[in-house]
Structures are given as structure tokens and as C-alpha cells.
K.L.:
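Please read through the structure below; I'll follow up with questions.
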Amino acid sequence: MGESEMSVEAADIVFASSHMPDPADAMAQVAHAMGDSPLAGMLLFCSHRFDRDALARAVNRHGEQRVAIGCTSSGELTEQGYDEDSLSVIGFPAASFHMVSHCFDDIDAFDPVAAREAIRSLAAVAERDSRHLGDRVNHVALFLVDGLSHREELLTMTIQDALGDVPLIGGSSGDGLDFRETAIFHGGRFHHRAAVIAILSTPRPIHVFKGQHYRPGAAKMVVTGAVPQDRIVTEINAEPAAQEYLRLAGHAGEALGLAFYAAHPPMVRAGGDYHVRSIQSANPDGSLTFYCAIDEGIVLTVGEPVDRIAGMEAMFTDIAAHVGTVDRIIAFDCVLNRIDAEQRQISRAVSELYGRHRVIGFNTYGEQYHALHVNQTFSGLAIGK
């Protein structure tokens, strides 16, 4: 084996980002920084402010037929920690990774039976075509879905069921905080109302994780009125939803907004654990729109913050115990976590922590972990050296 081959085998995961406003310039800068090592595939996250058609053309010019998936974001996670208005690209070296993908390009017409068949076929291809990497290959499914689709629960459950033992991790695409239109990248172009899955295979150690920065409070909220298909709660405890939520959070009379929802997230107990059910907006009629599935009869509590920095230090210690020396942590971090960090004036400390632990990824409208669609978590995939 020659020196060049040895250096490729030892190559770390490649990462580069650019803040250049012109998509062609941004991608050219990223491609230059990434170099010309052979890649099995690429994962890209971009500000919603980029012209998507122009960015797609630029990615295709530099992609050289590689598998490339990605989405628009509500902020990027780069080597600087919290970042924004950037194009960020992760490259997986071909010497130690294999990647295959499948796009569901019309999730309003999502067919679970056909989807299971497609995913099982994709998993079989991943298994077969990654054998050259060695006798012990690990597989993980990276999943990106339209963050405004209201379809995450159905897709996540269906796909994880079809994947069997292969863990699923991912995030819901964002568009800053506009809540107008998000996009998924696959097959050389951006898609609307879509989802994409890529199975990443590697002999390196991998670990899928989920963490949150809240614990359940004492006050209980029962959803007594809802419009489930729109993720709207009209009544809590037989009172107007927004008014009762404010009262139970201890802030009756205050103005509702993203910073408030981030600081006082509703939580629900499921599967023996508490999960956040984040609020997206308060509506003029006093109802609340959620980021996730909601229905009458669900019992919620108002979450209380824990020491985020200490909790994350413990999480990174646990991650290192699973994978050893970390190459990269690809993170799906809810945009409400970012807003809450800004409100608590710990953004700089969180960014420093992310940078030190080699975190890259994006701020989401929701996270997918195994069969769950969750909110306000810091979830991701850790990959060892």
C-alpha cells in the first residue's frame, strides 16, 4: 500500500463551511477547503436565504456524482458552535464509509407499505455494497424530513420499523424562524414536502444519542380540546389553551413567544420517559400550535430547566465511553434550544462546548430518534476515529 492510500485510510471526516452569500462562491470555497479526497457521500445544511436552484447547480458542479443529501436549516452548527447564514458540508471518506440514499418526494401521499419495501431494499443494498469495508460494519440511518409537513411521526415510525436493528437519527428541516417553506436536498436538487434517508455504513464505532435540558415540573395540563391533524390545542384543563398554559407556567398576563416556549416547554410521559412537546405559536383565537403530534386526553407538564452545560459535559463523557476518541458528532439541535441559550446568555458557553467536542450539524424544527419524533432535544450521531 502506497503512502497516499494510507493517508486516505487514516482520513478524518471532512467538514467545511462558508458564509459567502452567492451559492456558487460558497460551494467553491467549501469544495476547496474539503480537498479532493474520495468521498462516499456528503451531508449539507444551508441557510434558507440561499437561492436553492443556484445552490443545487453549485453542489452538482463539485459533487462528482457522490451521494449528497441535505436540507435548509434554522441555523448551522460549525466549528464555531452556533452559526448562521452559512453553507455547511460534511464529507465521509470513501476509505472508511459507504452511503446509499432514498428520497420520498411526496410525503403527503406517503404509503407506509411501499415505504417499508423501499427501506428494506435500501438496507439490503447497504449491507451488500459495504462489505469491502471489512467483516464488522456498523450501519446507521440519517433521516431528514420537511419540518412543516406534520408527517414526521408517521414517517419516523414506519422507517425505523423497516430498518429493524439499524438505528435512525435525524432532524426536521427549517427556514430560520419564518415557518413558510423548508426544503430537502437529494438527487441534485431541492424538494418540497419531501424526506430523505441515507444509510451510512462504516467499520468505525458509532453511537446514536438523545439528550434534553429540562425536567418535568409539578403542574399537570390535560389537553381537553384539540385539532390533531393541524397539531392545534384549543383547550387545556377545559380553559383556553394559551391562557391556561401561561397560568400553569407561572406567568399569567405575560406575552407568549418563541423565547417563552423555549424556556417553559410542555412535556409528556411516554415509554417510561419524559419528552418535550414544543409549542410553535400562539394563535389569535387563544389556541396553541405544536411542532409535533398532539391529541385530546394527553397529559402534559411544564418543563423546568436543568444545568445545561453540566448535563452536556456528562453526555459528551458518555459518548466518548461508547466510541472512544471522537472524530465528529453530527448533531440535530432544536432551534428552541438555541433561542433558550440566547435568553439565558449561555450561547457563547454552549458554542465553546460544541467546538471543543467536534460538534457539527444544524438547528432543527424537530428531531428524529429511533422511532420517535421529538422536540427540543440535542440528538445526534457520534462517530469515532
K.L.:
Quick one: ring-ring contact (aromatic ring centres under 6.0 Å, His included) partners of Y261, sequence neighbours excluded?
P.N.:
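Partners of Y261 by the ring-ring contact (aromatic ring centres under 6.0 Å, His included) criterion come out as none, since no residue qualifies.
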K.L.:
Salt bridge or not for K385 and D12, using N-O below 4.0 Å?
P.N.:
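Looking at K385 and D12, the cut-off is met.
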K.L.:
Using a strict 4.0 Å threshold on nitrogen-to-oxygen distance, state whether D85 and R49 make a salt bridge.
P.N.:
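Salt bridge flag = yes for R49 with D85.
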K.L.:
Just do the salt bridge (charged side-chain N to carboxylate O under 4.0 Å, His left out) check on D161 and R116 with the steps written out, would you?
P.N.:
CA-CA 8 Å; D161 176 61; R116 285 189 186 94; 2.9 Å; yes
K.L.:
Would you kindly say whether E76 and S88 are connected by a side-chain donor-acceptor distance under 3.5 Å?
P.N.:
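There is no such pair between these side chains.
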K.L.:
Would the distance check show the side chain of Q212 and the main-chain N or O of H275 forming a donor-acceptor pair, the cut-off being under 3.5 Å?
P.N.:
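Pair absent, no side-chain N/O of Q212 close to backbone of H275.
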K.L.:
Mind checking what makes salt bridge (Lys or Arg N to Asp or Glu O under 4.0 Å) contact with E244, not counting sequence neighbours?
P.N.:
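R247.
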K.L.:
Got a second to check how far H150's NE2 is from D108's CG, nearest 0.5 Å?
P.N.:
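If we round to the nearest 0.5 Å, H150:NE2 and D108:CG are 11.0 Å apart.
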K.L.:
Does D285 CG have over 12 foreign heavy atoms under 6.0 Å away?
P.N.:
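Yes.
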K.L.:
Between S86 and H19, is any side-chain donor less than 3.5 angstrom from a side-chain acceptor?
P.N.:
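There is no such pair (donor and acceptor under 3.5 Å, judged by atom type) between the side chains of S86 and H19.
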K.L.:
If you count the non-hydrogen atoms of other residues, nucleotides and ligands that lie under 6.0 Å from CD in Q345, is the total more than 12?
P.N.:
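For Q345, atom CD is not crowded (no more than 12 foreign heavy atoms under 6.0 Å).
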K.L.:
Could you please spell out the steps behind the side chain to side chain contact (heavy atoms under 4.5 Å, CB included) verdict for L200 and I383?
P.N.:
CA-CA 11 Å; L200 186 67; I383 303 174; 4.2 Å; yes
K.L.:
Any sub-3.5 Å donor-acceptor pair from T289's side-chain atoms to Q280's backbone N or O?
P.N.:
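No; judged by distance alone, with no hydrogens or angles, the pair does not exist.
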K.L.:
Out of curiosity, does V350 fall in the hydrophobic cluster containing V326 (side-chain heavy atoms, cut-off under 4.5 Å, transitive links)?
P.N.:
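Yes, one cluster joins them.
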K.L.:
Look only at the side chain of S121 and the backbone of E117, and say whether a donor-acceptor pair between them is shorter than 3.5 Å.
P.N.:
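Such a contact is absent between S121 side chain and E117 backbone.
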K.L.:
What's the spacing between K210 NZ and D273 CG if we round to 0.5 Å?
P.N.:
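Spacing of NZ (K210) from CG (D273) equals 5.5 Å.
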K.L.:
Any donor-acceptor pair under 3.5 Å linking the side chain of N237 with the backbone of T224?
P.N.:
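Not confirmed, N237 side chain does not pair with T224 backbone.
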K.L.:
State whether a side-chain donor-acceptor pair under 3.5 Å links Q29 with S18.
P.N.:
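Note: Q29 and S18 side chains meet the donor-acceptor criterion.
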K.L.:
To the closest 0.5 Å, what do you measure between CG (L77) and CD1 (I329)?
P.N.:
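Answer rounded to 0.5 Å: 11.0 Å.
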K.L.:
What's the verdict on side chain to side chain contact (heavy atoms under 4.5 Å, CB included) for R338 and E84, showing C-alpha distance, side-chain angles and the deciding distance?
P.N.:
CA-CA 11 Å; R338 182 176 184 144; E84 59 186 342; 3.9 Å; yes
K.L.:
With a 6.0 Å cut-off on the ring centroids, do F260 and Y245 count as close?
P.N.:
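Ring centroids of F260 and Y245 are less than 6.0 Å from each other.
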K.L.:
When rounded to the nearest 0.5 angstrom, what distance separates CD in E342 from CZ in R348?
P.N.:
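That separation rounds to 13.0 Å.
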K.L.:
To the closest 0.5 Å, what do you measure between CZ (F104) and CD1 (I184)?
P.N.:
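Answer for the CZ-CD1 pair, F104 versus I184, is 12.5 Å.
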K.L.:
Would you check if the side chain of N363 reaches a backbone N or O of D333 as a donor-acceptor pair within less than 3.5 Å?
P.N.:
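Yes, N363 side chain to D333 backbone: donor-acceptor pair under 3.5 Å.
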K.L.:
R328 and E79: which non-hydrogen atoms are nearest, and at how many Å?
P.N.:
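Nearest pair, atom of R328 first, then E79: NH2-OE2, 2.7 Å.
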K.L.:
Has T72 got a side-chain atom pairing as donor or acceptor with C46's backbone, closer than 3.5 angstrom?
P.N.:
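No.
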K.L.:
Under a 3.5 Å cutoff, is there a donor and acceptor pairing between the side chains of D105 and H186?
P.N.:
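The answer is no; no qualifying pair exists.
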K.L.:
In terms of hydrophobic clusters joined by side-chain contacts under 4.5 Å, are I197 and V140 together?
P.N.:
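Not linked; separate clusters.
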K.L.:
If Ile, Leu, Val, Met, Phe, Trp and Tyr residues are connected whenever their side-chain heavy atoms lie under 4.5 Å apart, and connections chain through other members, are V125 and L163 in the same group?
P.N.:
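Result: yes, single cluster for both.
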K.L.:
Taking all non-hydrogen atoms of both residues into account, name the closest pair between I279 and L336 and its distance.
P.N.:
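Looks like O-CD1, 4.2 Å.
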K.L.:
To the nearest 0.5 Å, what is the distance between CD on Q368 and CE on M157?
P.N.:
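If I round to the nearest 0.5 Å, the distance is 11.5 Å.
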K.L.:
Tell me whether I319 shares a hydrophobic cluster with I169, the cluster being built from Ile, Leu, Val, Met, Phe, Trp, Tyr side chains joined at under 4.5 Å.
P.N.:
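Shared cluster, no.
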K.L.:
Within the side chain of H192, is there an N or O that forms a donor-acceptor pair under 3.5 Å with the backbone of T182?
P.N.:
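Such a contact is found between H192 side chain and T182 backbone.
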K.L.:
Verify the distance criterion only: is there a donor paired with an acceptor across the side chains of D175 and Y365 at less than 3.5 Å?
P.N.:
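Yes, Y365 and D175 have a side-chain donor paired with an acceptor closer than 3.5 Å.
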K.L.:
Taking a hydrophobic cluster as the set of Ile, Leu, Val, Met, Phe, Trp and Tyr residues connected by side-chain heavy atoms closer than 4.5 Å, whether directly or through intermediates, do F110 and V145 fall within one such cluster?
P.N.:
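Yes, F110 connects to V145 through the hydrophobic network.
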K.L.:
Determine the interplanar angle of the F209 and F378 rings, folded into 0 to 90°, and report it as parallel if under 30°, tilted if 30 to 60°, perpendicular if over 60°.
P.N.:
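The rings of F209 and F378 sit tilted, inter-plane angle from 30° to 60°.
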